Amino acid sequence: MKRILITGALGQIGSELTLKLRDIYGADNVIATDIKKNDSEAAQSGPFEVVDVTDLKRMGEVAQKHNIDTVLHLAALLSATAEAKPVFAWNLNMGGLLNALETAREVNAQFFTPSSIGAFGPSTPKDHTPQDTIMRPTTMYGVNKVAGELLSDYYYHKFGVDTRGLRFPGLISYVALPGGGTTDYAVEIYYEAIKNGKYTSYIDKGTFMDMMYMPDALNAIIDLMEADPNKLVHRNSFNVTAMSFDPEEISASIAKYIPGFKLSYNVDPARQKIAESWPNSIDPSAAKEEWDFKVEYDLDKMTKDMIEKLRPKLEMKISS
Ligand code: VAH
């Protein structure tokens, strides 16, 4: 990777990935794009272009202008939003992906896009879900992710585009809030714990989902993209995870650092139904074997870091 275009660069993953890649590859070599600019560090710390991923012509112009050799396509609607607006989600998620793949093909660029544990469905083995298994998701987001994996593999086999992907679990970070996801509760809970010492979860007790701290997710993207292609048996997309927990377990972890923290429930049937269609835990052994995937953060180490980083940020907001 050396001349990198990122779509959705101001979103939950993109806002941190853009900064990390600029540190590694040089600010001028990382072109952040999104549907509109804002005053975030990701938008202001290097080249930024307004790109609507449904506009193939514009995406191609930006890729040519900046002599791109790597496309990291992050722009997409997440599961809960996609389930509320399924046709819009199909058009944006699949239309945007096809345009990003076509752009990568035209400029002969390496390509990455995230898949998700959402690509699995109720008939998938729930525990230690294998890398290669049945994938019959019952959400529009999941249909988009399975179709996206197949389309990315097609561009590798048909056109030789070096496509690679990761089936991400829920991602947790203190920088940018996620939007429209089912696992967002695992981010919101930290904000509410610090601000109010309590949180009401829309996901029910006993609902286990795979999760990962954002620093580990960013390292996984970079490690995969830098991996020796001759060692890759799989490409789109690798199971990756760091932990699996339910609301009770993350609450107990938070209570170690915020004594008296109280968790209650007001289950959202729509997002609970999505969560219950996903695995309890997935098996990342293919990623470990093929490109040495590893993580640094377990639940308590993530909780400690989230609270240490969020507290000053939230106190600053309250005082301003
Ligand atoms: C979502 N955060 O909740 C995303 C992710 C595995 C979950 O794909 O939709």
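First listed ligand is number 1; within each ligand, the first listed atom is number 1. Worth knowing before you read on, the calculation uses all heavy atoms, side chains too, and leaves out hydrogens, waters and symmetry mates. Treat the numbers as computed from the prediction; the structure is a model and nothing was measured.
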Visitor: Taking only residues at least two apart or on different chains, which pairs with a member in residues 257-316 satisfy ring-ring contact (aromatic ring centres under 6.0 Å, His included)?
Guide: Tyr213-Tyr297, Phe238-Trp291, Trp291-Phe293
Visitor: Please name the pair of heavy atoms, one in Ile68 and one in Val107, separated by the smallest distance, quoted to 0.1 Å.
Guide: O-CG2, 3.8 Å
Visitor: Can you give me the closest heavy-atom contact between Ser237 and Gln131, atom names plus distance?
Guide: O-NE2, 2.7 Å
Visitor: Could you check whether atom CG of Asn91 has more than 12 heavy atoms from other residues, nucleotides or ligands sitting under 6.0 Å from it?
Guide: yes
Visitor: Using a 6.0 Å distance limit plus a 45 degree cone around the ring axis, check whether Arg164 lies over the aromatic ring of Phe112.
Guide: no
Visitor: Just by modelled atom types, is the Lys288 backbone N or O under 3.5 Å from a matching donor or acceptor in the Asp292 side chain?
Guide: no
Visitor: Identify, chain by chain and in numerical order, each protein residue with a heavy atom under 4.0 Å from an atom of ligand 1.
Guide: Leu78, Ser79, Ser116, Ile117, Tyr141, Phe168, Pro169, Gly170, Gly181, Thr182, Thr183, Trp278
